[in-house]
Amino acid sequence: MVFPRAAAAGSRSREAGVNSERAALEALWQAVCAIPRGRVSTYGAVARAAGLPGRARQAGYALKVAPRSLNLPWHRVVAAGGRIAFAAGSAAHREQARRLRAEGVTVRGGRVVHSAMTELDEL
DNA sequence: TGTATGACCCTGA
DNA sequence: CTCAGGGCCATAC
């Protein structure tokens, strides 16, 4: 899978550091792509799968800046414990729950039932 | 050059 | 269950 050029933030990729960030983003996007339909994973697990252990935050950032054109299954990524990361009641929160249910995932009280969670890691 | 802010996570109280 | 505190780190200002 090859990703389009500039992500939201770094249009100018001159420095090595910036390029490394690009690589991290692509690795994260790749990991998200790997989550099969009807299954759910977490930010932390996605980060680990992308070779960035402990950087759950960047996983969230990666989704935030991901170009729409990638059509990433962002809704299959939730916070630890199956919690939907968006504020309860927010449009995004409802949208994610809607998309998950559309794939047969049970969402209750803002969190996906444990059985629907992929036993993390093994992406 | 610093400080503040997150689609986060974990442990402990 | 909630809260606090520490870790993480790219961006924004």
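Order of the sequence lines sets the chain letters (A, B, ...), proteins ahead of strands, with each chain counted from 1.
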Start with the C-alpha distance between A:V77 and A:V40, add both sets of side-chain angles, then the distance that settles side-chain contact (heavy atoms from CB on, under 4.5 Å), and finish with yes or no. CA-CA 6 Å; A:V77 184; A:V40 175; over 6 Å; no

Between A:V78 and A:M117, is a side-chain contact (heavy atoms from CB on, under 4.5 Å) present by the stated rule, with each step listed? CA-CA 9 Å; A:V78 298; A:M117 304 278 299; 4.2 Å; yes

side-chain contact (heavy atoms from CB on, under 4.5 Å) for A:W74 and A:Q96? Distances and angles first, verdict last. CA-CA 8 Å; A:W74 58 270; A:Q96 182 165 19; 3.8 Å; yes

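Taking atom C1' on both nucleotides, C:dA4 is separated from B:dA7 by 22 Å, rounded to a whole Å. One C1' atom belongs to C:dG7, the other to B:dT5, and the distance between them is 16 Å to the nearest Å.
If you take CG of A:L28 and P of C:dA10, they are 11 Å apart, rounded to a whole angstrom. Here B:dA7 presents its P atom at 17 Å from CG of A:L72, a figure rounded to the nearest Å.
Across A:W29 and A:A62, no two heavy atoms sit closer than the pair NE1-O, 2.9 Å.
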Every protein N/O lying under 3.5 Å from an N/O of nucleotides 8-12 of chain B:
unit_1: B:dC8; atom_1: N3; unit_2: A:R57; atom_2: NH1; d: 3.1
unit_1: B:dC8; atom_1: N4; unit_2: A:R57; atom_2: NH1; d: 2.2
unit_1: B:dC8; atom_1: N4; unit_2: A:R57; atom_2: NH2; d: 3.2
unit_1: B:dC9; atom_1: OP1; unit_2: A:G44; atom_2: N; d: 3.4
unit_1: B:dC9; atom_1: OP1; unit_2: A:A80; atom_2: N; d: 3.2
unit_1: B:dC9; atom_1: OP2; unit_2: A:A80; atom_2: N; d: 2.8

Dump the pairs, protein N or O against N or O of nucleotides 3-5 of chain C, anything under 3.5 Å, distances to one decimal.
none

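Within the 4.5 Å cutoff, side-chain heavy atoms of A:I35 are placed close to those of A:S41. Looking at A:R76 and A:R37, their side chains come closer than 4.5 Å, going by heavy atoms from C-beta outward.
Under the 3.5 Å distance criterion, with hydrogens and angles disregarded, a donor-acceptor pair is assigned to the side chains of A:H75 and A:E103.
In terms of modelled atom types and a separation under 3.5 Å, the side chain of A:R111 and the main chain of A:G81 share a donor-acceptor contact.
Between A:Y61 and C:dT11 there is a side-chain N or O to OP1 or OP2 distance below 4.0 Å.
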